[in-house]
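In the text below, chain A, chain B and the rest are named by the order of the sequence lines, each starting its count at 1.
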Amino acid sequence: MSHEQRRERLDELAPERLEEIDAEEEEDDQALPDLPNAEEGEVRMRVAPNPNGPWHIGHARMAAVVGTYKELYDGSFICRFDDTDPETKRPDLDAYEQILDAIEYLGFEPDEVLKASDRLETYYDHARDLIDAGGAYTCSCSGDDFSELKNAGEACPHRDKDTETVHEEFTEMIEGEYSSGEMVLRVKTDIEHKNPALRDWVGFRMIDTPHPREEAAEYRCWPMLDFQSGVDDHLTGVTHIIRGIDLQDSAKRQQFVYDYFDWEYPEVIHWGHVEIDEYDVPMSTSTISELIEDGELDGWDDPRAPTIESLRRRGIRGEAIVEAMTELGMSTSNVDLAMSSVYANNRELIDDETDRAFFVREEDGGAVEKSLSGGPATASVPIHPDHEDRGTREIPTDDGVLVESDDLPPTGERVWLKGFGCVRHTEDRFEYTGDDLDVTREEDVDIVHWVPAGENVSLRLRTPDGDVSGYAEPGVSGYGPDDRLQFERVGFVRIDAVDEERVAYYTHS
RNA sequence: GCUCCGGUGGUGUAGUCCGGCCAAUCAUAUUGCCCUCUCGAGGCGAUGACCUGGGUUCGAAUCCCAGCCGGAGCACCA
């Protein structure tokens with residue numbers, strides 16, 4: 001009995017048991033651990049990308065996990081662009097939209113979209129309150145000087161300024177009266193804290209370079225991540241934060257601000273970094289960006305680039321990425337994501353609905369042309385082997401065929417041209433020897449794919465390992481951009497372009 | 001140097017809080033056979049892991065200590 005048949009049978013006998021099984025399966029399907037202190041309907045999370053470029057695959061993890069938790073808890077999530085550094089992590093104006101697109105591609109939609117660069121006044125207001133509470137001071141120490149004092153556990157002379165002076169100097173910061181490096185606003189924590197990373201950290205600093213967004217171009221006094229993010233998380237009602245281990249100390253830093261304001265800190269979960277196999281290109285926004293600039297990569301969607309846009313163009317479903325990412329769990333140690341896991345998920349998603357076709361690669365030995373003697377004038381192959389009702393592909397053979405050189409049998413030997421029949425390789429052609437499939441089982445005749453030598457369509461296949469050109473069966477001309485096909489014995493592809501040149505992107509085997 | 005984390009098969013993960021039901025789960029990977037006119041799908045099987053050493057205990061992947069290994073922070077980056 002097949003799986004389907006068993007289900008149908010069970011449905012007749014004990015429908016309630018079938019429901020139970022489905023419920024269990026759904027539960028088992030979910031790899032993510034429970035969120036601490038989470039209540040159904042009350043969970044609010046955020047993804048907080050820096051829009052300094054389109055996303056690489058690693059970025060997808062945050063959206064995948066946050067989006068999945070949202071669904072799991074019937075909660076909500078915010079996409080907040082933490083674009084508070086116009087200089088070293090300069091925002092890319094296109095990236096805001098590209099990131100939102102990436103989230104949508106993964107199958108999620110933020111309940112709210114915010115840009116930190118729109119919210120400077122809010123941060124200033126809170127800084128003023130913090131100053132009133134004695135929790136911050138302006139400091140003109142150089143970075144090196146302060147670092148030295150800090151490491152020795154000693155306060156700098158500015159720490160005891162009176163509130164009034166601090167307010168004045170902070171106002172001057174906001175008004176842009178200092179240049180970069182001249183003045184910062186520090187959050188007063190514990191200068192002797194045993195962890196040097198937590199001692200009196202910088203909340204605001206001056207940046208001379210204008211922000212690329214017109215709306216924010218006039219600001220010169222910018223909050224640091226720990227201040228901005230800490231304030232925003234509270235103000236936007238975030239209940240659960242997920243972030244990388246590189247931000248392990250952030251919660252502890254921000255806790256000082258939360259204490260001054262008597263706020264309750266959200267639950268925090270840290271996770272390790274993700275590394276991905278199968279790519280020669282490092283997963284780093286700046287590196288990919290450089291490679292594109294140098295012409296090493298064609299763009300963010302180059303199949304060799306470990307980016308979201310690349311996977312999308314190759315025809316990977318966002319859902320497959322989400323599944324692979326949630327399967328990684330929430331461990332604090334670094335993890336390696338095997339692309340094969342993404343591919344396995346994707347294959348499961350698309351195999352059933354994807355039409356089959358032949359594609360002969362013009363590789364190393366090249367495609368080999370052979371004329372045919374005997375046999376039917378057209379071959380007939382199912383569009384999908386598991387669904388005969390979808391019909392067949394009729395492929396003409398009168399002009400001979402093309403096979404991959406690897407598939408060409410030695411002279412005198414036979415090979416089975418799929419959908420056509422068995423042929424023997426003579427000096428210069430294939431002689432039809434029959435259509436009894438038993439030879440493939442009993443006499444070890446290989447079954448191979450082929451295309452007509454005359455009527456075929458040239459196609460360039462772009463793969464993570466470079467481009468491959470070749471010839472597809474004529475029916476492939478009936479497919480347009482975004483259609484998926486499985487080139488039998490080659491792999492799944494997504495048709496990308498059909499105008500001047502026919503191009504497909506290789507998905508996976 | 002100071003301060004935090006973490007170490008289960010090739011990869012990811014369950015189990016660790018509350019020790020026994022764990023000669024350790026599931027997925028992926030690799031692989032064998034069956035089926036199939038694909039190297040896809042499907043079916044059945046195989047491979048392969050508790051970092052090390054002590055301790056506590058009748059019993060430790062699980063608790064304690066030490067070591068080793070790995071990661072992270074100590075930025076006027078995010």
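Between the CG atom of A:D145 and the P atom of B:C76 there is a distance of 12 Å, given to the nearest Å. Between the CG atom of A:D438 and the C1' atom of B:U36 there is a distance of 13 Å, given to the nearest Å. Between the NE2 atom of A:H384 and the C1' atom of B:G40 there is a distance of 8 Å, rounded to whole Å. Rounded to an integer number of Å, the gap from NE2 of A:H449 to P of B:G40 is 13 Å. What separates CE of A:M339 from C1' of B:U11 is a distance of 14 Å, to the nearest Å. Rounded to whole angstrom, the span from the CZ atom of A:F81 across to the P atom of B:A78 amounts to 16 Å. Residue A:E353 contributes atom CD, which lies 14 Å from atom C1' of B:A41 at whole-angstrom precision. With rounding to whole Å, A:Y137 atom OH is found 12 Å from B:C76 atom P.
When distances are taken from the side chain of A:A344 to each of B:C76, B:C37, B:U28, the shortest belongs to B:U28. Closest contact between the side chain of A:R441 and the listed nucleotides B:U36, B:U38, B:C77 involves B:U36. For A:N50, taking side-chain heavy atoms from C-beta onward, the closest of the listed nucleotides B:U28, B:C37, B:A78 is B:A78. Considering only side-chain atoms of A:K418, the nucleotide from B:C37, B:G12, B:A78 that sits closest is B:C37. Picking from B:U13, B:U38, B:A75 the nucleotide with the shortest atom distance to the side chain of A:K150 gives B:A75. The side chain of A:R205 lies closest to B:C76 when the candidates are B:U11, B:A75, B:C76. In this structure, the nucleotide among B:U13, B:G40, B:C76 sitting nearest to the side chain of A:D386 is B:G40.
Residue A:F492 is classed as a sugar-phosphate contact, given heavy-atom separations below 4.0 Å to backbone atoms only. Within the nucleic acid shown, A:V202 comes within 4.0 Å of sugar-phosphate atoms alone, with no base atom in reach, counting heavy atoms only. Within 4.0 Å of A:L328, counting heavy atoms only, lie sugar-phosphate atoms of the nucleic acid but no base atom. Looking at heavy-atom distances under 4.0 Å, A:P385 makes contact with a base. Within 4.0 Å (heavy atoms only), A:K89 reaches at least one base atom of the nucleic acid. Base contact: A:C141 has a heavy atom under 4.0 Å from a base atom. In this structure, A:G181 reaches the bases: a heavy-atom distance under 4.0 Å links it to at least one base atom across the strands shown. At a threshold of 4.0 angstrom between heavy atoms, the contacts of A:M183 with the nucleic acid are absent. Among the heavy atoms of the strands, none lies under 4.0 Å from A:T354. As judged by a 4.0 angstrom heavy-atom cut-off over every strand, A:S147 is placed among residues touching the sugar-phosphate backbone only. Residue A:T440 is out of contact with every strand shown, counting any heavy-atom pair closer than 4.0 Å.
In this structure, A:Y432 has its ring center closer than 6.0 angstrom to the ring center of A:F420. Less than 6.0 angstrom separates the ring centroid of A:F204 from the ring centroid of A:F227.
In this structure, B:G70 forms a base pair with B:C5, meeting either the Watson-Crick or the G-U wobble geometry with both donor-acceptor distances under 3.5 Å. If you check B:A41 for Watson-Crick or wobble pairing at under 3.5 angstrom, you find it has no partner at all. Searching all strands for a Watson-Crick or G-U wobble partner of B:A46 with both distances below 3.5 Å returns B:U30. With a cut-off of 3.5 Å on both Watson-Crick or G-U wobble distances, the partner of B:C76 is given as none. B:A61 is unpaired under the criterion used here, namely a Watson-Crick or G-U wobble arrangement in which both key atom distances are under 3.5 Å.
Across the P atoms, B:A27 and B:C34 are found 23 Å apart, a figure rounded to whole Å. Rounded to whole Å, the P atom of B:A14 lies 14 Å from the corresponding atom of B:G6. Atom P of B:G43 sits at a distance of 16 Å from the matching atom of B:U36, rounded to the whole Å. The same atom, P, is picked in B:A29 and in B:A41; the two are 8 Å apart, to the nearest Å. Spacing between B:U52 and B:C74 at atom P, rounded to whole Å, works out to 33 Å. For the C1' atoms, the distance linking B:A66 with B:C77 amounts to 38 Å, nearest Å. B:C26 and B:G15: their P atoms are spaced 14 Å apart (whole Å). Distance check on atom C1': B:A61 versus B:A49 gives 10 Å, rounded to whole Å.
Distance check: A:Y178 OH to A:M183 CE gives 3.5 Å after rounding to the nearest 0.5 Å.
An OP1 or OP2 oxygen of B:A41 is reached within less than 4.0 angstrom by a side-chain nitrogen or oxygen of A:R347. For the OP1/OP2 pair of B:A78 and a distance below 4.0 Å, the side-chain nitrogens and oxygens of A:T84 include at least one atom meeting the criterion.
In this structure a side-chain-to-backbone donor-acceptor pair under 3.5 Å is missing from A:E154 to A:L149.
Closest approach of A:R356 and A:P385 over heavy atoms only: CG-CD, 3.7 Å. When all heavy atoms of A:G53 and A:I99 are compared, the pair lying nearest together is O-CD1, 3.9 Å.
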Could you go over nucleotides 67-73 of chain B and give all protein N or O partners under 3.5 Å, atom names and distances?
from	atom 1	to	atom 2	distance (Å)
B:A72	O2'	A:I245	O	2.8
B:A72	O2'	A:Q248	NE2	3.2
B:G73	O2'	A:D249	OD2	2.9

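Results of the salt bridge (Lys or Arg N to Asp or Glu O under 4.0 Å) test with A:D200 over A:K150, A:R159, A:R253 single out A:R159 as the only residue that passes.
Side chains of A:T433 and A:E431: a donor-acceptor N/O pair is absent below 3.5 angstrom, by distance only.
Each of A:R199 and A:Q228 was matched to the nucleotide of RNA chain B holding its nearest heavy atom; the match closer to the 5' end belongs to A:R199.
With A:F81 as the aromatic partner, A:R213 does not meet the cation-pi criteria of under 6.0 angstrom to the ring centre and within 45 degrees of the ring axis. A cation-pi geometry, defined here as NZ or CZ lying under 6.0 Å from the six-membered ring centre and within 45° of its normal, holds between A:K115 and A:Y96. For the pair A:R186 and A:F146, the cation sits on the ring face: its NZ or CZ lies under 6.0 Å from the ring centre, inside 45° of the axis.
A donor N or O paired with an acceptor N or O is not found under 3.5 Å between the base of B:U28 and the side-chain atoms of A:E327.
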